[in-house]
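What follows is a structure written as structure tokens; I'll ask about it next.
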2 protein chains.
Amino acid sequence: MNQLKEALETLKETGVRITPQRHAILEYLINSMSHPTADDIYKALEGKFPNMSVATVYNNLRVFREVGLVKELTYGDASARFDFVTTHHYHVICENCGKIVDFHYPGLDEVEQLASHVTGFKVNNHRLEIYGTCPECTSKEVH
Amino acid sequence: MNQLKEALETLKETGVRITPQRHAILEYLINSMSHPTADDIYKALEGKFPNMSVATVYNNLRVFREVGLVKELTYGDASARFDFVTTHHYHVICENCGKIVDFHYPGLDEVEQLASHVTGFKVNNHRLEIYGTCPECTSKEVH
DNA sequence: TAAACTAATTATAACAATTATAATTTAAGA
DNA sequence: TCTTAAATTATAATTGTTATAATTAGTTTA
């Protein structure tokens, strides 16, 4: 439960100051349920913080990433997207409209182990993305 | 075998003209065994094509991607990397030095199926990356 | 509480990767 | 060989992101 509270606790523990901007960015990330870009966040908080700089958004997203609260997702053509870290999950991405849907799937630990064994890497984590066409885009397709 | 020949065949079949630049870019991609950036390719072919524009490299990488010969890999901080499509494989990436090692692992087809079932997506393909520290970087670590 | 210090924010400029544009050149079929 | 459409080039523009310096705001200490 209360992810925001836990996130703020993490910031306190790691000695990162809690500013109104950081609070708002975290809150937005947690509540949005989407995978917003830095600019999405910037625009969404424009009303609350008319003077906030876009650099603040980027800076804080980097800070959040460094303390493990946020994951940065990059795709070919668009700008980076940011995902609040909850449980381990993967993404199913529509190649037509860009929609990203979370997908829970347990246990690719064995892949990490095998990769480590074969390559000699010290493996930390992994990332899996599945590409396709979402139901909405499929139904709009011309036959 | 002869991947270049097959690739050129693919271009012919899809009605894409075979130009000296395209030939050279494909050849470089196949032989390099690395995962070059557009600029890597541009620099590597400078000697052969002193007048080639960097736009040509980007244009053709896009063309190759569109006909399925090339995959574009994007990571957080660096520029896109391009990977000649051979058999399905994944990447093990060193978070310290950026090295990318290919890693063969069969059968994540079930993940695709499950993702499709759960989300209703028409799934085309997937991408898996494993992050860690390579043996060289691990041995250089300060203890 | 006030002063001093450190970190965060802002505004702006710079940068780097990529894409768009228009003119020129080239490949491939008639 | 001529024609036409496509590819390449050179260049400019765009966009996402980062760096810089000045200002502001939290925190700590006296």
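Each chain gets a letter, A, B and so on, in the order its sequence line appears, and its residues count up from 1. Atoms considered below: every heavy atom in the structure, side chains included; atoms not considered: hydrogens, waters and symmetry mates. These figures come from a predicted structure and were not determined experimentally.
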>> Please give me every residue in residues 43-52 of chain A whose heavy atoms get under 4.0 Å of an atom in DNA chain D, ordered by residue number.
In response: none
>> Please tell me if Arg17(A) has a side-chain N or O lying less than 4.0 Å from either OP1 or OP2 of dA25(D).
In response: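 Arg17(A) to dA25(D) OP1/OP2: no side-chain N or O under 4.0 Å.
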> Between the side chains of Gln21(A) and Asn60(A), is a donor N or O closer than 3.5 angstrom to an acceptor N or O?
Replying inline: no
>> Are the side chains of Asp40(B) and Phe82(B) in contact, using a 4.5 Å heavy-atom criterion?
In response: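 No, side chains not in contact.
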> Taking the six-membered ring for Trp, is the centroid-to-centroid distance between His126(B) and His88(B) below 6.0 Å?
Replying inline: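 Centroid separation for His126(B) and His88(B): below 6.0 Å.
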> Of the nucleotides dT10(C), dA8(C), dA10(D), which one has an atom closest to the side chain of Ala55(B)?
Replying inline: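 For Ala55(B), the side-chain atoms sit closest to dA10(D).
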> What integer distance in Å separates Arg22(A):CZ from dT27(D):C1'?
Replying inline: 14 Å
> Phe84(A) and Leu69(A): which non-hydrogen atoms are nearest, and at how many Å?
Replying inline: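 Here Phe84(A) and Leu69(A) meet closest at CD1-O, 3.5 Å.
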> Does a side-chain heavy-atom distance below 4.5 Å link Arg127(A) with Leu128(B)?
Replying inline: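 Contact flag for Arg127(A)/Leu128(B) side chains = no.
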>> Any non-hydrogen side-chain atom of Val101(A) less than 4.5 Å from a side-chain atom of Ile93(A)?
In response: no
> If each of Val16(B) and Val54(B) is mapped to the nucleotide of DNA chain C with the nearest heavy atom, which maps nearer the 5' terminus, i.e. the 5' end?
Replying inline: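 Checking each residue's closest nucleotide, the 5'-ward one belongs to Val54(B).
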> Would one find a side-chain N or O of Asn59(A) under 4.0 angstrom from OP1 or OP2 of dA7(C)?
Replying inline: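 So the side chain of Asn59(A) is outside the cut-off, no N or O lying under 4.0 Å from OP1 or OP2 of dA7(C).
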>> What's Thr19(A) touching, base or sugar-phosphate or nothing? Going by heavy atoms closer than 4.0 Å.
In response: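 If one applies the 4.0 Å heavy-atom cut-off, Thr19(A) turns out to touch the sugar-phosphate alone, with no base involved.
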>> Side chain of Ser53(B) only, heavy atoms from C-beta on: which candidate in dT10(C), dT18(D), dA10(D) is closest?
In response: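 Looking only at heavy atoms from C-beta outward on Ser53(B), the closest nucleotide is dA10(D).
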